[in-house]
Structure formats: structure tokens, C-alpha cells
Amino acid sequence: MTSTTAPPATPGRTPTRRVPGDLLVLGVEVALLAVAVLVGALLNARDAGLHADAAPLYATWRPHLGWGSPAALLVAVAVVGWGARWARTARWGLLLISAWLAAVAWTLSLALVDGWTAGLTRRLTAQAEYLHEVPGVTDIPAMLAGFTDRILDFQPAAWSTHTAGHPPGALLIFVWLDRAGLAGGAAAGLACVLLGATVAVSVPVTLRALGAADAARAVIPFLVLLPGAVWVGASADGIFAAVVAAGLALLAVRGWAVAAVGGALLGFALHLSYGFPLVGVLALAVLALRRTHRWGALLAACAGVAAVTGVFVAAGFQWWVGYHLVVERYYQGWAADRPYRYWVWANLAALLLSAGPVLGPALRRALVAAWRLGMPPALGRWRASRRLVGSAAVRTAGPTVLLPLAAALAVLGADLSGLSKAEVERIWLPFTVWLLVATAWLPLGSRRWWLAGQAATALAVNHLLWTVS
């Protein structure tokens, strides 16, 4: 009897199959989320220091509607009803433009459920946010040179929470917006939405460049209806996800010069978050899956990373010094109270709400595909792994297997580190979008149902909870 879990030769065109395994994984997801909510409520009742009223999410329970509600519902209905078919048949350029516009509409509609002011213009103006520090940056070189001196808390000139918790590239983005005449919370919030939505373009461009054209089309509706869009609009993590995705896309396309630009973007990404060395796992996967000039592209990308890092070092900021100080700052705040024994597994429940219920079944199928392609045994042997990467099967299916598994490895590293206790629904967005590449393995006939589940998750979170920090 033929196994119902055997992957097709071409991801993105999986025929319709009934697979009880998907339902089993979905049940595990529901159980994990239910336990995380119940245990979180009990720990909050005991004042256990979760600092998250709606654990496992950093939010408060507040059912509400807004004038973005009907718009979000309309976008969801359109994408669920026609998105998968349009993605299969539209011209590539038109499809990418449509994907970006739809992602912008979805993200902006979700933000406006909370209203224009609370949902967008004030999201980045709170005392803990970057815009609080922008007026004080009158000399960018001086800011960079003295950045690490202000990381630790309990001193008069200490940076605000988000600024101190990230390298200076994050603050620089909003300083540059201000210098360009786009000052204030509205411009910053819209920048998060407009740039964050580009992941719906960068990820499929990467897949297509790596030879998975059908898969690139298949994942687009899932990237558009990303439940994590609740946090993309508007948080700086949406911009971070966009920078990482664009850098990886440039690594995938041909040409050493383009790879160098991609490396420069990833080098800048390192100066957006101290957690982004983990992006290296994804970058290596992309480079391994390139059809030609892998070593040349690797050297060019490393040169790009080194060039950007060198600019920051020359300006007076040393990443490794900032990292050691930010770990100390991390435990000067809520992280000292938040129990690792809860968040180390409850983080995964928060990830489910950001990635959507499709995550588990899609990853299950990617793991099955990896096994069928012979990846686990080959990866332990250098020569076998080289033959595997060069094989026709992996050239077609490899991107939809290796990229989500690389993202899962990065998430696992971030989770076990203890430096991501809570708020991962937004912090892990740069990895979440690559986890959803595994949706290319879903059966054609089931995708509409999974898209509906994705949309329902985002709508439920945004209408039942107040996610404004």
C-alpha cells in the first residue's frame, strides 16, 4: 500500500490526499496552546512574574472591534476564496505586486482594528520605543561611538528598553526616517507595514531563484495572510523581517555582486538584533541550494557582512561588546522574573499564534519529505551531502525542506538560549516567514481550509486581545 505521506516530485503541486497525520499534529497544537494559556493564567494568578497578562502572548484580554475589522475580513475572504488559484495562474511580476499589495492591506487592516491612533501612530512613540530616543540623536557618529555606554539600566542616560535591547541599526532606521522628513509615529508605523509586507515578495523570489518555482507560488497566499501581521503592523520587527528576507533573496539570485549586496543587508541585519547570528543558518542553506558559484557567492556575502560590520566598528560600535552588555541589561529587567521553565515551551505556543495552525502540519510534511529524499543520513557524511545537494530531487524540493528546517533550528537555538522569554510572537517574525515555506507541501485541495484557519487565527487574536505594548 502506498503511504499517504509520501511527498510528490514537485512541491507546490501536491495532489489532494487525506492525511490523518495533519489532524493529529493540529490536535497537538491545540493542546499545547490550551495548556500554555491555562498554566499562564494560573501563574499570573500567583503573581509568578510572567509579565504577560495574556500569556503566552504579551497582551491583555480586551475583546473589541474597530473600523479595520470589516476591511480585514474582506481581505481574508478574498485571499481564501481566490488567492491560491490566482497564485498558480497569474503572471509572475503581477503576482508579486499583488502579493505585496494584499499583504499591506491585510497588515494595515489588522492594525486599524485597534484604531488609527492606538493601532498605528502611537505604537512606536511609547517611552520604551525607538522614537522616544530619535529627538536626542543630533549627531549620528557620536551616537554610535557612545552607544554601548548607555546600554545598562539605572543610569541617567540609559537607553529606553527597545533601543538598549538592540544594536544601533534599529534606532538608525527611525533616525533616517526622521532626517528624510518622515518624522512621527504615523510615518514610522506605515514604514513597518509597507516594508514588513515585502516578505511576501522576498521569500517567493528566493524559492524561484533556487529552482522551486511552483513552491514559490504556493506559499504566497500563506505569506499574505500571515497571522504575525498582527505584530508587523506596527513594530520594528516587521522591518527586521523584511531586511533579513531581502538579504537572503539576494543571496539566492545569480551574480557575485548581488550576493555581496545581500551579504551587506544581512550585515546590517546583525546590527538590528543581537539574535540575528542565527540567520546564518538560513544563509548557509540558501547558499548550499544555489545552482552555481556557491563558494564565490559565499565569499561575496561574507565580504558584504564584513564591510558593514567594519563601518560600525570604525564608527565606534563593536557588536560583541554590545552583546555582552545587553545580556546584563536583559536581566536587569523583567527577564530576571520570567520563569524559564514556563517560557521555554510556552514560547512555542506563542509562535503557533504568529505562524498560524498550518505550521505543525506543514513542518510535518517537510520532515517526511526530508526523510524521503534521504537527507538525514546524507547530512552526516560530507561527500554524500554534496551529492544530495546537487541531485535533481533536492534542486526541486530542497528549498521547501531545508529552508523551513533551517528556520526551525534557528528558533530552537533562540528558545533554548533563555534570551527569548516571551514576546517571541514578534521577535521571531524573521524566522516565522521561512517556516511557512513548508506550506508548499500541503495538498492542493486543503490549502483553502488552511488559509481560512490562518485568517481566523489572526482575526481572533486581534479582536480578543489588546496587543499594544
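From a predicted model like this one, the values you see are computed outputs, not experimental measurements.
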S.K.: Is a donor on one side and an acceptor on the other found under 3.5 Å between the side chain of Arg122 and the backbone of Thr117?
M.R.: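 Checking the backbone N and O of Thr117 against the side chain of Arg122, no donor-acceptor pair under 3.5 Å is found.
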S.K.: In terms of heavy-atom contacts, does CZ of Arg85 have more than 12 from other residues, nucleotides or ligands at under 6.0 Å?
M.R.: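 No - once you tally the heavy atoms of other residues, nucleotides and ligands closer than 6.0 Å, there are 12 at most.
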S.K.: Main chain of Leu96, side chain of Trp100: is a donor-acceptor contact present, judged purely on distance under 3.5 Å?
M.R.: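 No, Trp100 side chain to Leu96 backbone: no donor-acceptor pair under 3.5 Å.
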S.K.: Would you indicate whether the side-chain heavy atoms of Arg341 and Val344 approach each other to under 4.5 Å?
M.R.: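 The answer is no; the side chains never approach within 4.5 Å.
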S.K.: Let me see the working for Leu108 and Leu120 under side chain to side chain contact (heavy atoms under 4.5 Å, CB included), right down to the final yes or no.
M.R.: CA-CA 9 Å; Leu108 189 58; Leu120 198 70; 4.2 Å; yes
S.K.: Measuring only between side-chain heavy atoms, which start at C-beta, is Glu29 closer than 4.5 Å to Pro361?
M.R.: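 SC-SC contact between Glu29 and Pro361 confirmed.
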S.K.: Check whether any side-chain N or O of Tyr342 sits under 3.5 Å from a backbone N or O of Val39 as a donor-acceptor pair, and report yes or no.
M.R.: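 Absent.
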S.K.: Check this for me: Trp92, atom CH2, are more than 12 non-hydrogen atoms of other residues, nucleotides or ligands nearer than 6.0 Å?
M.R.: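 Result for CH2/Trp92: enclosed.
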S.K.: Decide whether Thr125 and His132 meet the rule of one side-chain donor and one side-chain acceptor closer than 3.5 Å.
M.R.: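 There is no such pair (donor and acceptor under 3.5 Å, judged by atom type) between the side chains of Thr125 and His132.
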S.K.: Treating His64 as the side-chain partner and Asn462 as the backbone partner, does any N or O pair qualify as donor plus acceptor under 3.5 Å?
M.R.: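 Yes, His64 side chain to Asn462 backbone: donor-acceptor pair under 3.5 Å.
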S.K.: Please check this pair: side chain of Arg217 against backbone of Ala90, looking for a donor-acceptor N/O pair closer than 3.5 Å.
M.R.: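 Present.
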S.K.: Taking all non-hydrogen atoms of both residues, which atom of Trp106 and which atom of Val224 are closest, and how far apart?
M.R.: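 The pair with the smallest heavy-atom distance is CD1-O, 2.9 Å.
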S.K.: Taking the side chain from Glu425 and the backbone from Ser354, do they hold a donor-acceptor pair closer than 3.5 Å?
M.R.: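 Here the side-chain-to-backbone pair does not exist.
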S.K.: Should we say atom OH of Tyr330 is surrounded by more than 12 heavy atoms from elsewhere, each under 6.0 Å from it?
M.R.: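 Check passes, neighbour count above 12.
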S.K.: Would you compute the distance between atom OG1 of Thr432 and atom CG of Leu351 and round it to the nearest 0.5 angstrom?
M.R.: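 Result: 5.0 Å between the selected atoms.
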S.K.: Atom CG of Leu33 and atom CG of Leu38: how far apart are they, to the nearest 0.5 Å?
M.R.: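 Answer for the CG-CG pair, Leu33 versus Leu38, is 11.0 Å.
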S.K.: Report yes or no: does Thr107 contribute a side-chain atom to a donor-acceptor pair with the main-chain N or O of Val104 at less than 3.5 Å?
M.R.: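 No; zero donor-acceptor contacts below 3.5 Å.
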S.K.: Using a 4.5 Å cut-off on heavy atoms from C-beta on, say whether the side chain of Thr457 contacts that of Pro357.
M.R.: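 Yes, close enough: below the 4.5 Å cut-off.
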S.K.: Backbone N or O of Ala422 within a donor-acceptor pair of the Asn347 side chain at under 3.5 Å?
M.R.: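 Pair found, side chain donor or acceptor close to backbone of Ala422.
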S.K.: I'd like to know if the side chain of Arg329 reaches the main chain of Ile151, judged simply by a donor and an acceptor atom lying under 3.5 Å from each other, with no hydrogens or angles considered.
M.R.: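 Answer holds: yes.
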S.K.: Do side-chain atoms of Gln454 reach the backbone of Phe222 as a donor and acceptor pair under 3.5 angstrom?
M.R.: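 Checked: no pair found.
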S.K.: Would you call the rings of Phe276 and Phe431 parallel, tilted or perpendicular, where under 30° means parallel and over 60° means perpendicular?
M.R.: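 Perpendicular, since the angle between the ring planes exceeds 60°.
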S.K.: Can you confirm if the aromatic rings of His166 and Phe240 lie within a centre distance of less than 6.0 Å?
M.R.: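 Aromatic pair counts; centres sit under 6.0 Å.
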S.K.: Taking the ring of Trp319 and the ring of Tyr274, is the distance between their centroids below 6.0 Å?
M.R.: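 Tyr274 vs Trp319: aromatic centres under 6.0 Å.
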S.K.: Asp22 vs Arg365, test: salt bridge (Lys or Arg N to Asp or Glu O under 4.0 Å). Steps then yes/no.
M.R.: CA-CA 8 Å; Asp22 289 348; Arg365 287 177 171 272; 3.1 Å; yes
S.K.: Take Thr163 and Glu133 through the test side chain to side chain donor-acceptor pair (under 3.5 Å) and record every step on the way to the result.
M.R.: CA-CA 8 Å; Thr163 302; Glu133 304 288 0; 4.8 Å; no
S.K.: Using ring centroids (six-membered ring only for Trp), state whether Tyr340 and Trp343 fall under 6.0 Å.
M.R.: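 No, they do not, as the ring centres are separated by 6.0 Å or more.
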S.K.: Within a radius of less than 6.0 Å around CZ of Arg150, do more than 12 heavy atoms belonging to other residues, nucleotides or ligands occur?
M.R.: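 Yes, because the 6.0 Å sphere around CZ of Arg150 holds more than 12 heavy atoms from other groups.
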S.K.: Should Thr400 and Trp441 be marked as a side chain to side chain donor-acceptor pair (under 3.5 Å) after you check the CA-CA gap, both sets of side-chain angles, and the distance that decides it?
M.R.: CA-CA 8 Å; Thr400 57; Trp441 292 100; 3.0 Å; yes
S.K.: Answer yes when Arg338 and Glu423 have at least one side-chain N-carboxylate O distance shorter than 4.0 Å, and no when they do not.
M.R.: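 Here Arg338 pairs with Glu423 in a salt bridge, since their nearest N and O are under 4.0 Å apart.
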